[in-house]
Amino acid sequence: MSTPSGTQAAAVRASATSLVAGLRAARLPIAILCTLVLFGLIEPRVLSLGNFRNIAIQASYLAIFAMAQTMVILTRGFDLSLGYTVSLVSVAASMAMVAMGGGDAAILWGLGAGILVAALIGLANGLLIAGIGINPLVTTLGMANVVMAFASTVSDGFPVTGLPPGFTAMFAQASVLSIPVPILVAALVFALLFLTLKATRFGRSLYIIGANPRAAVAAGIRTMPVLVVAYMLCSVLIGLGALLLTARTGSGEPNLGGNLTLEAIAAAVVGGVRLSGGEGGVGAAVLGALFITVLSNGMNLVQIDGYLQQICLGVIIIVSLIVSRDVRR
Amino acid sequence: MNSTAASTAGTERTPHRVGLLDRFLMQGGIVITFLVIAVVATALIEPRFLNRLNLINMMRNFSFLLIPSLAQMLVMTAGGFDLSVGAVVAIASVVTATVMLVGSGYFPDAGVLLILLSLAAVVGVGVLVGSVNAWLVASFSLSPFMVTLAMMSVLVGIALYFTQGIPIYGVTDTFVSGVGRGQLLGLPVVLWVALAVLAGCIVLQRFTALGRHIYAVGSDERSARLSGVRTGRTLMAAYVLAGVLAALTGFLMTSRLGAGHATIGTTLALETIAAAVIGGVSLRGGVGRAEHVALAALFLAVVANAMNLVQVDSKYQTLVLGAVLIVALAIERLLLRRRQA
Amino acid sequence: MLEVTGFTKAFQGVVALDNVDFSLERGEVHALLGENGAGKSTLINLIAGTFPWTEGSCRIGGRPVASLTPQAARENGIAAVFQEFSLVPDLTVLDNLFLGREQSGGFFLKRRQMRQAAVDLLDDLGFHVPLDEKVAFLSRAQKQMVEIAKALRTRPEVLILDEPTASLTDGEAEKLFSAMAVLKGRGVGIIYVSHRMAEIRKLSDRVTVLRGGKKIGTVATAEISDDDLIEMMVGRPVEQLFPKIEQKPGEVRLEVRNLTTADGSVIDASFVARAGEVVGLAGLVGCGRSELCRAVFGLEAVESGTIRLGDKVVERPSPPAMLAANLCYFPADRGSEGLAVMRPARENATMSALRLPSLAAGPVLKFWRENEVIRAPLTELALRPMAPERRVSAFSGGNQQKVMLARGLMKPFDVYLFDEPTVGIDVGAKADVYNLIKRLVEGGACVVVSTSELPELVNLASRIYVMHEGRVVAELGENERSEQQILSHYFGGKA
């Protein structure tokens with residue numbers, strides 16, 4: 001059977017497969033570069049240093065949300081309440097800061113209130129999903145509406161102004177070692193989550209539960225507390241991102257969340273986090289966030305209509321789902 | 001005969017006792033309880049509820065919820081999800097108004113013709129969206145949730161891009177007076193349409209092979225395929241029907257509003273899922289009946305109406321909707337768990 | 001009537017069926033014999049059109065057929081009853097019987113006509129199943145009957161039966177056999193898969209034996225002895241497959257008293273297992289032995305009864321508690337409950353050991369030591385290929401099983417519960433599993449094996465408990481464990 005030409009053909013085929021596999025693995029960096037070059041040809045400002053800095057800052061917000069979402073997607077879960085959690089945290093933290101006098105001393109209160117609200121939402125999601133066993137999609141969809149109602153009523157739907165000036169200075173404008181704070185926070189979150197997933201029992205449990213929940217139970221993993229913590233961790237990270245965004249806008253915004261739910265899921269999925277759980281990591285989420293940011297930054301600079309951008313986002317999600325679907329089966 | 005222990009080595013769990021509780025759950029026990037409580041409580045608290053005008057108004061809103069909820073039910077019983085219902089409603093509304101506006105330039109006095117033209121266009125939109133959804137879900141085995149979520153983004157984007165968020169006026173008067181505000185035998189025309197759709201769904205589910213196949217594909221796709229059910233076609237039928245029903249909703253809402261809005265239907269994805277789930281449609285597919293979904297939609301319409309009557313901020317209405325959805329699911333889960341434990 | 005030549009099937013490069021010829025005459029019962037993993041199910045799936053063959057050709061009724069889909073197979077008069085049912089749980093029995101081939105006039109179903117046809121069909125077979133019950137609520141035996149009735153409804157010329165009696169009682173099996181006789185008289189050819197010698201002898205005209213994906217031979221049933229058939233199937237004399245285990249029963253390690261599960265799958269079951277012995281749990285599929293193991297490990301809700309491990313009564317069994325108390329359980333169904341197949345072998349091997357000091361310091365996982373920790377167990381089990389970073393789904397069935405068994409070697413356990421330890425694995429891997437059991441028992445551990453393979457019970461266990469309809473109906477000691485004696489208790493112990 002194995003004639004020389006046969007083995008040669010096999011070798012060619014093998015190297016072709018490994019090339020394809022390599023391209024698949026590097027598809028996101030390639031896509032990011034292509035997108036940059038493409039928009040750069042139309043609008044040279046895309047390739048300026050200042051714009052790179054902009055992209056990095058914008059991407060770090062989205063990356064935090066995408067990483068948060070990844071923590072629950074890994075377990076076959078979802079958090080559709082992400083966007084409205086951002087809104088509610090923004091409003092709640094701002095109101096706390098205003099109530100505590102609006103001075104720089106109130107910043108801590110704002111941070112505390114924001115994180116607390118986020119943690120409570122996460123706890124509720126986690127208990128409903130892992131404790132009672134309701135489908136995560138519907139739970140967080142329902143939760144999204146509950147949270148939205150709070151976000152739009154606690155401040156009567158108006159932005160909360162009068163935040164401490166130090167808040168924006170510290171969390172949006174400051175740099176440490178000339179690295180802007182949002183990028184620094186995103187990097188820190190990335191490092192912590194990367195270690196958590198690789199080097200803790202909790203992280204390993206997330207993967208096993210996502211890959212096969214019944215096998216996880218049979219292997220003695222206590223899935224309930226792991227899931228509750230995962231949802232809380234997800235929410236707290238969302239809260240952190242919301243605080244950074246609030247610092248950037250300088251006021252508590254009931255509509256801050258907007259399209260973020262979709263964008264965060266898109267970033268994670270485009271990056272290659274498996275929607276049915278058990279595969280992927282925070283690295284993928286960050287790359288996905290970077291890609292989506294580069295894309296929307298480019299579209300903004302070449303002045304593509306915002307509604308068209310929304311269409312593009314949907315198309316890109318579908319295309320990346322098709323590209324990254326499990327072809328091994 | 002052989003009534004005891006019988007499940008394979010852990011792969012399938014067979015409930016052994018089919019008790020009253022199962023019958024209660026299967027016959028829509030939860031939704032009927034909810035509905036009765038809601039109606040009685042509302043009537044007691046707010047007598048204006050029983051006012052004829054109010055009831056007619058409520059029935060109209062009920063119709064606008066019922067049709068897309070049945071669409072959601074069709075897709076969910078087939079094992080899917082359709083988050084794009086609301087977006088289809090929006091785009092259908094824009095298409096309806098646009099066709100009438102453009103068409104009235106050519107046929108200025110042919111109201112009925114314009115209505116039929118725009119209806120045809122809208123059905124086309126529904127078929128198109130439904131088949132794209134089904135194609136993506138079936139051919140690439142993608143998650144229906146993600147596909148329709150992305151589709152929602154695309155459709156809303158298209159609707160907003162073409163209108164730039166501005167309502168399209170110029171809808172034929174015949175359309176508004178005859179359909180939107182029209183009554184037949186003392187009941188709103190849209191209610192008749194909704195009831196006809198409901199009857200159609202009941203017939204489909206009970207008396208046709210397609211109905212069986214939709215249940216079969218949703219319940220166990222592999223078994224259905226092995227039994228000779230053309231699963232791809234069945235999914236296609238379910239999504240296309242859902243698309244058409246959602247589009248019909250947009251068409252009817254336009255007749256009520258008198259203009260094409262790209263922003264209507266934003267909360268419909270949640271509301272229809274809530275109606276379906278409260279009506280006992282399983283999130284895993286294969287289970288769910290049109291008549292129960294209708295009761296659930298009626299329940300949600302009564303609650304919304306009651307909150308309007310006692311002048312609750314509409315923001316809190318979404319809160320109640322979200323909470324009711326979670327509570328209904330939690331009750332069902334807890335009841336089921338008690339049975340198993 | 002049906003003739004296949006050179007059938008070969010490879011799954012992702014792994015050859016499951018290798019150049020097999022097979023033929024079936026009109027009115028013939030042709031038995032397929034082979035161990036799990038021998039290629040029987042691949043062959044019948046190819047004939048039923050479940051998946052396409054890689055190489056080979058097929059003729060039906062003399063006409064060559066280029067390829068088969070489930071629909072095409074059915075149109076060619078082939079119907080199959082697999083062990084894994086093709087019933088839709090949320091539809092009623094009636095709906096399932098006609099699924100995919102509904103009778104309708106125009107748009108509407110002819111419901112009355114279908115009901116009558118269903119009643120006639122079931123009466124014809126002598127099966128009693130409620131037509132309007134959802135299939136999800138049926139017992140496994142009832143589902144089996146519906147599945148058989150469904151296959152016969154299309155009046156097939158070739159009927160494939162895949163271990164149809166695995167969950168039927170004697171009486172139900174007799175009904176099936178008489179139905180088969182009627183079909184045979186009508187000229188229907190039947191492919192019958194089973195590893196019960198008695199059935200094969202009673203029913204079949206010819207036997208084809210498969211082993212390791214290859215055809216060993218086709219013989220007329222009347223002309224071959226049981227022993228020769230078994231040797232064809234196993235490839236070596238039975239004694240060579242099973243190691244000699246020195247059993248030295250010591251103190252009681254596991255004692256279960258009057259255990260009843262919440263779902264009623266186990267009723268009032270009691271057994272004891274000692275250090276240094278292998279205890280067998282026997283019975284039909286669905287008799288409750290799997291559930292008994294699961295209940296002991298804490299995977300099944302217990303309604304009443306006590307479980308004693310060593311000298312401690314376990315109040316609330318749960319997997320983490322049982323693992324901590326040195327009881328290890330290996331699930332029957334690797335795919336659905338044993339392994340996270342998309343994760344690497346390494347993670348699967350350490351899945352239940354994430355709290356051991358060798359792997360964890362508090363919540364921190366010593367991932368840098370993981371490879372070192374799993375090397376010895378995986379080497380002992382002879383994992384092939386020795387690639388711990390490969391995802392489990394890329395291994396063969398036998399090696400997947402080894403990955404799961406490696407968990408039991410992460411620390412010395414006192415009690416091991418094996419549920420169907422050799423399902424779907426080849427003979428070589430089986431021998432490895434038996435040797436592992438030997439080593440564990442001779443090292444002083446207590447091993448409980450729940451299995452549907454009679455030779456395993458006879459050759460491994462020192463004592464055997466037979467279960468029937470959730471109850472333990474017999475305990476068989478050293479001198480009463482022949483296959484015949486075990487079988488005689490399978491149907492409620494009327495022997």
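Every chain is numbered from 1, with letters handed out A, B, ... down the list of sequences. Only this structure's heavy atoms are used, side chains among them; waters, hydrogens and symmetry mates stay out.
Comparing B:Val320, B:Val324, B:Leu321, B:Leu136 by heavy-atom pairs within less than 4.5 Å of chain A, the highest count is held by B:Leu136. Ranked by heavy-atom pairs under 4.5 Å with chain B, the first of A:Thr139, A:Leu262, A:Asn259 is A:Leu262. Of the listed residues (A:Val269, A:Ile265, A:Ile316, A:Leu275), the one with the most heavy-atom contacts under 4.5 Å to chain B is A:Leu275. Between chain A and the options B:Leu155, B:Leu325, B:Ile273, B:Ile326, the largest number of non-hydrogen pairs under 4.5 Å is found for B:Ile326.
Counting heavy atoms from C-beta outward, A:Val138 and B:Leu329 have side chains that approach closer than 4.5 Å. Looking at heavy atoms from C-beta onward, B:Phe81 lies in side-chain contact with A:Leu137 at the 4.5 angstrom threshold. Residues B:Thr163 and A:Tyr307 form no side-chain contact, since every pair of their non-hydrogen atoms from C-beta on lies 4.5 Å or further apart.
Here A:Tyr84 contributes atom OH and B:Thr318 contributes atom OG1; the two are 8.5 Å apart, rounded to the nearest 0.5 Å. With rounding to the nearest 0.5 angstrom, the CG atom of B:Leu142 is 5.5 Å from the CD1 atom of A:Ile322. To the nearest 0.5 angstrom, B:Tyr161 atom OH is 8.0 Å from A:Ile311 atom CD1.
The minimum heavy-atom distance between A:Ile317 and B:Met146, with the atom names listed, is CG2-CE, 3.7 Å. Among all heavy-atom pairs drawn from B:Ala150 and A:Gly314, the shortest one is CB-O, 3.4 Å. Of all heavy-atom pairs between A:Gln310 and B:Leu160, the closest is OE1-CD1, 4.3 Å. Shown here for B:Val147 and A:Leu321, the closest heavy-atom pair between the two residues is N-CD1, 4.4 Å. B:Ser153 and A:Leu313 make their closest contact through OG-CB, 4.4 Å (heavy atoms, listed as atom of the first residue, atom of the second, distance). Residue B:Leu319 comes nearest to A:Ala149 through the heavy atom pair CB-CB, 3.3 Å, listed as atom of the first residue, atom of the second, then distance.
Interface remark: A:Leu80 contributes side-chain atoms only to the contact with chain B (heavy atom separation under 4.5 Å). In this structure, chain B has no heavy atom under 4.5 Å from any part of A:Val147. Heavy atoms of B:Phe145 lying under 4.5 Å from chain A belong exclusively to its side chain. For B:Gln317, no part lies near chain A; criterion is any non-hydrogen pair under 4.5 Å. For A:Leu141, the parts lying under 4.5 angstrom from a heavy atom of chain B are both the backbone and the side chain.
Heavy atoms from other residues, nucleotides or ligands lying under 6.0 Å from OH of B:Tyr239 number more than 12. Counting heavy atoms of neighbouring residues, nucleotides and ligands inside a 6.0 Å radius, atom CZ of B:Arg284 does not exceed 12 of them. Counting heavy-atom neighbours within 6.0 Å of A:Gln303 CD, excluding the residue itself, gives a total of 12 or less.
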